[in-house]
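The block underneath contains the structure these notes are about, expressed in structure tokens.
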Amino acid sequence: MNLILFGPPAAGKGTQAKRLVEGRNMVQLSTGDMLRAAIASGSELGKRVEGIMQRGELVSDEIVIELIESRLPEADAAGGAIFDGFPRTLAQAEALDKMLAGRGRKIDLVLRLKVDDEALKQRIAGRFAESGRPDDNPESFVVRLDAYNANTAPLLPYYAGQGKLVEVDGMGSIESVAAGIDGALDKVRG
């Protein structure tokens with residue numbers, strides 16, 4: 001099964017993806033984690049994207065698609081993946097559909113975590129104070145949230161038109177969000 005966790009930054013996608021990795025033996029392909037790992041490694045890619053991410057801007061489609069494509073064999077071996085933070089643009093969504101189709105696969109389900117923008121701003125301020133992650137500073141977060149609303153939210157009709165979009169209330173507890181996700185997954189697998 002290939003699943004996209006969809007929602008703005010700090011919506012809880014990473015938390016829920018980790019839970020699915022542990023509980024359902026799924027593979028998580030998190031572009032944010034991959035990009036942060038590239039920065040930490042000091043690689044040429046890391047150097048190219050570090051400033052972009054610190055400013056809260058989106059990394060180019062080409063770079064992100066290349067990262068995802070390099071990990072698809074791992075997803076195939078596991079029987080599918082959780083795409084976390086990807087796709088973020090229509091071009092990325094179309095590229096993902098094409099890459100998966102070339103492997104005889106498809107996106108089975110798109111889960112949108114519905115959250116309130118103001119609540120997210122409060123959540124990110126707390127997370128930044130706790131972790132100090134450079135891309136979590138409140139100024140960068142507002143840029144990332146605006147970029148999500150402008151570029152990524154328009155993907156909702158793309159996946160709704162394919163009949164793959166399911167919305168889950170992302171404002172509840174981790175457990176209640178997990179229950180909503182599990183219910184949606186069980187219907188698709190059913």
Side-chain angles (χ1 to χ4, degrees), residues 1-34 58 61-62 64-117 119-120 144-190:
M1 169 178 285
N2 287 305
L3 161 71
I4 296 173
L5 278 177
F6 197 71
K13 298 181 303 292
T15 298
Q16 293 299 329
K18 283 176 181 51
R19 187 186 63 78
L20 291 169
V21 165
E22 293 168 8
R24 293 187 180 240
N25 298 319
M26 299 176 87
V27 173
Q28 177 187 9
L29 299 182
S30 166
T31 53
D33 288 350
M34 289 183 229
L58 293 179
D61 287 347
E62 295 78 19
V64 177
I65 289 166
E66 183 181 327
L67 274 173
I68 290 292
E69 193 163 24
S70 72
R71 298 282 303 275
L72 285 179
E74 180 185 343
D76 287 346
I82 304 161
F83 294 91
D84 169 8
F86 182 86
R88 287 192 174 171
T89 65
L90 186 56
Q92 289 179 7
E94 291 169 343
L96 179 59
D97 284 348
K98 186 176 178 180
M99 285 187 287
L100 291 173
R103 303 172 102 73
R105 303 220 183 244
K106 64 181 174 48
I107 293 298
D108 297 291
L109 181 64
V110 178
L111 283 169
R112 176 188 182 205
L113 299 181
K114 288 184 68 172
V115 291
D116 175 73
D117 284 359
L120 287 180
R144 290 169 59 209
L145 186 59
D146 289 346
Y148 169 82
N149 287 326
N151 300 318
T152 307
L155 289 176
L156 293 172
Y158 178 76
Y159 288 113
Q162 295 178 10
K164 297 177 180 177
L165 182 65
V166 174
E167 294 187 341
V168 174
D169 179 2
M171 295 306 298
S173 67
I174 291 172
E175 294 76 19
S176 67
V177 174
I181 289 171
D182 288 342
L185 285 171
D186 292 342
K187 282 183 186 174
V188 171
R189 287 194 171 173

Derivation and outcome, side chain to side chain contact (heavy atoms under 4.5 Å, CB included), residues M99 and I65: CA-CA 9 Å; M99 285 187 287; I65 289 166; 4.0 Å; yes

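- Put simply, the side chain of I68 does not reach to within 4.5 Å of the side chain of Q92, judged on heavy atoms.
- Between the side chain of R105 and the main chain of D76, a donor-acceptor pair closer than 3.5 Å is present.
- For the pair R103/P73, a side-chain contact is recorded, criterion being any heavy-atom separation below 4.5 Å from C-beta on.
- Counting heavy atoms from C-beta on, the side chains of Y158 and D97 come closer than 4.5 Å.
- Within 6.0 Å of the NZ atom in K164, the count of heavy atoms belonging to other residues, nucleotides or ligands exceeds 12.
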Given salt bridge (Lys or Arg N to Asp or Glu O under 4.0 Å), test D84 with K18 step by step and report yes or no. CA-CA 10 Å; D84 169 8; K18 283 176 181 51; over 6 Å; no

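- A salt bridge links D108 and K106; the closest N-O separation between the charged side-chain nitrogens and carboxylate oxygens is under 4.0 Å.
- With rounding to the nearest 0.5 Å, the separation of CG in L185 from CG in D182 is 6.5 Å.
- Around CZ of R112, the count of heavy atoms belonging to other residues, nucleotides or ligands within 6.0 Å exceeds 12.
- Counting heavy atoms from C-beta on, the side chains of M34 and R71 come closer than 4.5 Å.
- Two residues are said to be in side-chain contact when any heavy atoms from C-beta on lie closer than 4.5 Å; N149 and D117 meet this criterion.
- The heavy-atom pair separating V115 from A11 by the smallest distance is CG2-CB, 4.0 Å.
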Given side chain to side chain contact (heavy atoms under 4.5 Å, CB included), test L156 with V110 step by step and report yes or no. CA-CA 9 Å; L156 293 172; V110 178; 5.9 Å; no

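- L111 is not listed as a side-chain neighbour of K13, based on a closest heavy-atom distance of 4.5 Å or more.
- A 6.0 Å sphere centred on CD of Q162 holds more than 12 heavy atoms belonging to other residues, nucleotides or ligands.
- V166 places none of its side-chain heavy atoms less than 4.5 Å from the side chain of I181.
- When all heavy atoms of A93 and P87 are compared, the closest pair comes out as N-CB, 3.4 Å.
- When every heavy atom of P9 is checked against every heavy atom of R144, the shortest pair comes out as CB-NH2, 3.4 Å.
- With hydrogens and angles ignored, the 3.5 Å screen pairs a side-chain donor or acceptor of N2 with a backbone N or O of A81.
- Counting heavy atoms from C-beta on, the side chains of L96 and I4 come closer than 4.5 Å.
- Between A153 and P157, the shortest heavy-atom distance links the atoms O-CD, 4.0 Å.
- Here the CZ-CG distance, from F83 to L5, works out to 11.0 Å after rounding to the nearest 0.5 Å.
- The structure places CZ of F86 at 9.5 Å from CG of L29, a figure rounded to the nearest 0.5 Å.
- The CG atom of L109 sits 12.5 Å away from atom CZ of F6, with the distance rounded to the nearest 0.5 Å.
- Separating the OG1 atom in T89 from the CG atom in L155 is a distance of 6.5 Å, to the nearest 0.5 Å.
- A distance of 5.0 Å separates CZ of R88 from OG1 of T31, quoted to the nearest 0.5 Å.
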